Engineer: 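Right, I'll just put the structure down here and ask away after.
Model, not experiment: these values are computed from the prediction. Every heavy atom of this structure was used, including side-chain atoms; hydrogens, water molecules and symmetry mates were not.
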Amino acid sequence: MSITHYSTEIPGASHWSLRVRAGTLMRLTDLTGGANVGMLFYNPDNLLERYNAPDTLKGQHTFKLTLGNCLYSDMGRVFASIVEDQLGWHETVCGNSNAAQVAERWGARDYQSDRNEWHQNGYDAFLVELAKYGLGRADMAANLNLFSKVATDEAGNLQLVEGHSAAGSQIALRFAMDTLVLLHTCPHPLNQAKSYPYTPVQVDLSQAAPVDDDDYCRNFRPENQRGFMNNALYHLGK
């Protein structure tokens with residue numbers, strides 16, 4: 001059996017993972033507004049290769065991620081590129097919330113006692129997904145926080161920009177190589193909401209259009225052309 005489209009809803013305070021094939025388009029939709037999607041990438045055929053935030057940012061001379069940006073592995077290859085974006089800013093420097101932060105801000109709740117009203121944190125959510133593939137704490141990398149924007153105050157402190165993502169906002173990623181995708185819908189570590197934010201996200205998977213010589217992401221930066229060439233060399237003979 002084969003399918004051409006798959007759609008699922010990831011509730012707030014949840015986590016999910018999937019091996020995504022090269023040529024897949026992943027569209028993420030913020031269903032209620034204020035979403036945060038923590039995301040990590042690994043090479044399923046070599047789990048030592050994973051998303052590299054510093055190389056992604058410095059290689060494209062940026063602090064934010066948006067349309068045209070590629071998401072790099074620590075081997076200089078392109079896991080995915082952002083082919084659609086309605087927000088113009090997604091961050092990849094602030095990392096995850098952890099259990100202590102969440103408990104201090106919103107109170108400690110666990111699944112055994114509170115079921116779907118528990119207060120999950122991003123760090124532990126990733127650990128659950130990592131364990132499914134024989135990975136653990138040592139394999140945690142700096143993650144993306146899609147739908148989230150940060151800004152600095154006068155003292156230089158980072159703050160989460162409230163109201164950045166409205167209900168219905170979307171971002172689409174086109175995968176350039178087979179990728180193990182891990183994600184969670186737990187709060188951003190800088191979120192100061194009065195109540196724990198349960199923000200669901202819809203994930204749609206379909207076939208992406210092929211990358212051609214005029215591709216916007218490939219030509220967005222000269223560095224991206226080298227990244228796609230590294231992908232071509234990696235897939236040579238496969």
Side-chain angles (χ1 to χ4, degrees), residues 4-7 18-30 35-43 49-93 141-151 161 164-183 201-236 238:
T4 58
H5 179 267
Y6 174 78
S7 180
L18 185 72
R19 177 170 175 157
V20 176
R21 298 293 184 183
T24 298
L25 182 74
M26 175 182 285
R27 183 181 304 278
L28 298 140
T29 304
D30 180 353
N36 179 71
V37 175
M39 184 173 282
L40 284 173
F41 304 138
Y42 297 82
N43 181 346
E49 182 178 6
R50 56 206 53 176
Y51 173 68
N52 189 293
D55 286 355
T56 295
L57 296 179
K58 70 183 182 183
Q60 298 173 91
H61 306 277
T62 186
F63 179 73
K64 65 179 180 180
L65 297 173
T66 186
L67 175 67
N69 286 134
C70 295
L71 309 174
Y72 280 87
S73 83
D74 50 15
M75 299 292 186
R77 291 186 273 265
V78 176
F79 276 125
S81 48
I82 301 175
V83 294
E84 298 179 36
D85 178 27
Q86 296 180 352
L87 292 172
W89 188 302
H90 305 264
E91 73 93 359
T92 184
V93 299
N143 58 281
L144 296 163
N145 282 307
L146 299 180
F147 298 105
S148 292
K149 178 180 180 179
V150 294
V161 176
H164 174 59
S165 179
S169 296
Q170 294 185 340
I171 181 174
L173 308 179
R174 179 191 59 201
F175 285 84
M177 58 187 288
D178 287 1
T179 304
L180 175 60
V181 179
L182 279 61
L183 65 82
V201 171
Q202 181 171 312
V203 179
D204 291 281
L205 301 174
S206 60
Q207 186 69 35
V211 179
D212 56 29
D213 290 341
D214 295 328
D215 184 74
Y216 183 78
C217 297
R218 179 175 178 174
N219 296 306
F220 188 69
R221 293 289 311 172
E223 293 82 1
N224 291 353
Q225 295 181 16
R226 293 196 292 269
F228 278 100
M229 179 58 67
N230 289 341
N231 281 59
L233 289 172
Y234 177 70
H235 291 111
L236 185 66
K238 279 195 171 184

Engineer: Side chains of Leu146 and Val201: does their closest heavy-atom pair fall under 4.5 Å?
Structural biologist: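 Leu146 vs Val201: side chains apart.
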
Engineer: Should Asp212 and Arg218 count as an ion pair when the cut-off is N to O under 4.0 Å?
Structural biologist: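 Looking at Asp212 and Arg218, the cut-off is not met.
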
Engineer: Output, in order, the C-alpha distance, side-chain angles, deciding distance and verdict of side chain to side chain contact (heavy atoms under 4.5 Å, CB included) for Gln207 and Thr4.
Structural biologist: CA-CA 7 Å; Gln207 186 69 35; Thr4 58; over 6 Å; no

Engineer: Report the C-alpha distance between Val203 and Leu18 in whole Å, list the side-chain angles of each, state the deciding distance to 0.1 Å, and finish with yes or no for side chain to side chain contact (heavy atoms under 4.5 Å, CB included).
Structural biologist: CA-CA 11 Å; Val203 179; Leu18 185 72; over 6 Å; no

Engineer: Please evaluate residues Trp89 and Val161 with respect to the criterion side chain to side chain contact (heavy atoms under 4.5 Å, CB included), reporting the C-alpha separation (whole Å), side-chain torsions for both, the decisive distance (0.1 Å), and the verdict.
Structural biologist: CA-CA 11 Å; Trp89 188 302; Val161 176; over 6 Å; no

Engineer: Salt-bridged, Asp215 to Arg174, with N to O below 4.0 Å?
Structural biologist: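 Yes, this pair counts.
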
Engineer: Nearest 0.5 Å, what's the OH-CG distance between Tyr234 and Asn43?
Structural biologist: 4.0 Å

Engineer: So, for Cys70 and Phe228, which heavy atoms are closest and what is the spacing to 0.1 Å?
Structural biologist: SG-CE1, 3.8 Å

Engineer: For Ala172 and Leu25, work out which heavy atoms get closest and say how close.
Structural biologist: CB-CD1, 4.1 Å

Engineer: Under a 3.5 Å cutoff, is there a donor and acceptor pairing between the side chains of Asp85 and His90?
Structural biologist: yes

Engineer: For Tyr51, which of Asp74, Thr179, Thr92 qualifies under side chain to side chain donor-acceptor pair (under 3.5 Å)?
Structural biologist: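 The option that passes is Thr92.
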
Engineer: Quick check against the 3.5 Å criterion: does Ser81 have a side-chain atom that pairs as donor or acceptor with the backbone of Val83?
Structural biologist: no

Engineer: To the closest 0.5 Å, what do you measure between CG (Leu65) and CD1 (Ile171)?
Structural biologist: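 Leu65 atom CG to Ile171 atom CD1 measures 7.5 Å (nearest 0.5 Å).
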
Engineer: Between Gln225 (side chain only) and Asn219 (backbone N and O only), is there a donor and an acceptor less than 3.5 Å apart?
Structural biologist: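 Side chain of Gln225 to backbone of Asn219: no pair is present.
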
Engineer: In Å, rounded to the nearest 0.5 Å, how long is the span from OG1 of Thr56 to CG of Leu144?
Structural biologist: 7.5 Å

Engineer: Indicate the atoms forming the closest heavy-atom contact of Val78 with Asn231, along with that distance.
Structural biologist: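 Looking at all heavy atoms of both residues, the shortest contact is N-OD1, 2.7 Å.
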
Engineer: Might you point out which heavy atoms bring Met39 and Leu173 nearest each other, and give the distance in Å?
Structural biologist: SD-CD1, 3.8 Å

Engineer: Would you compute the distance between atom CE of Met177 and atom CZ of Phe79 and round it to the nearest 0.5 angstrom?
Structural biologist: 5.0 Å

Engineer: Hey, what do you get for CG (Leu180) to CZ (Arg19), rounding to the nearest 0.5 Å?
Structural biologist: 8.5 Å

Engineer: To the nearest 0.5 Å, how far apart are CG in Leu40 and CZ in Arg50?
Structural biologist: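 These two atoms lie 9.5 Å from each other.
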
Engineer: What's the shortest heavy-atom distance between Ala35 and Ser148, and which atoms?
Structural biologist: O-OG, 4.0 Å

Engineer: Check whether any side-chain heavy atom of Lys149 sits under 4.5 Å from a side-chain heavy atom of Leu87, and report yes or no.
Structural biologist: no

Engineer: To check you understand the geometry: which heavy-atom pair defines the closest contact between Glu49 and Ser73, and what is its length?
Structural biologist: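 Result for this residue pair: OE2-OG, 2.6 Å.
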
Engineer: Contact between Asp204 and His5 at the side-chain level, heavy atoms closer than 4.5 Å - yes or no?
Structural biologist: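 Yes - at least one pair of side-chain heavy atoms lies under 4.5 Å apart.
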
Engineer: Checking side-chain polar atoms at under 3.5 Å, does Asn230 have a donor or acceptor matched by the opposite partner on Tyr72?
Structural biologist: no

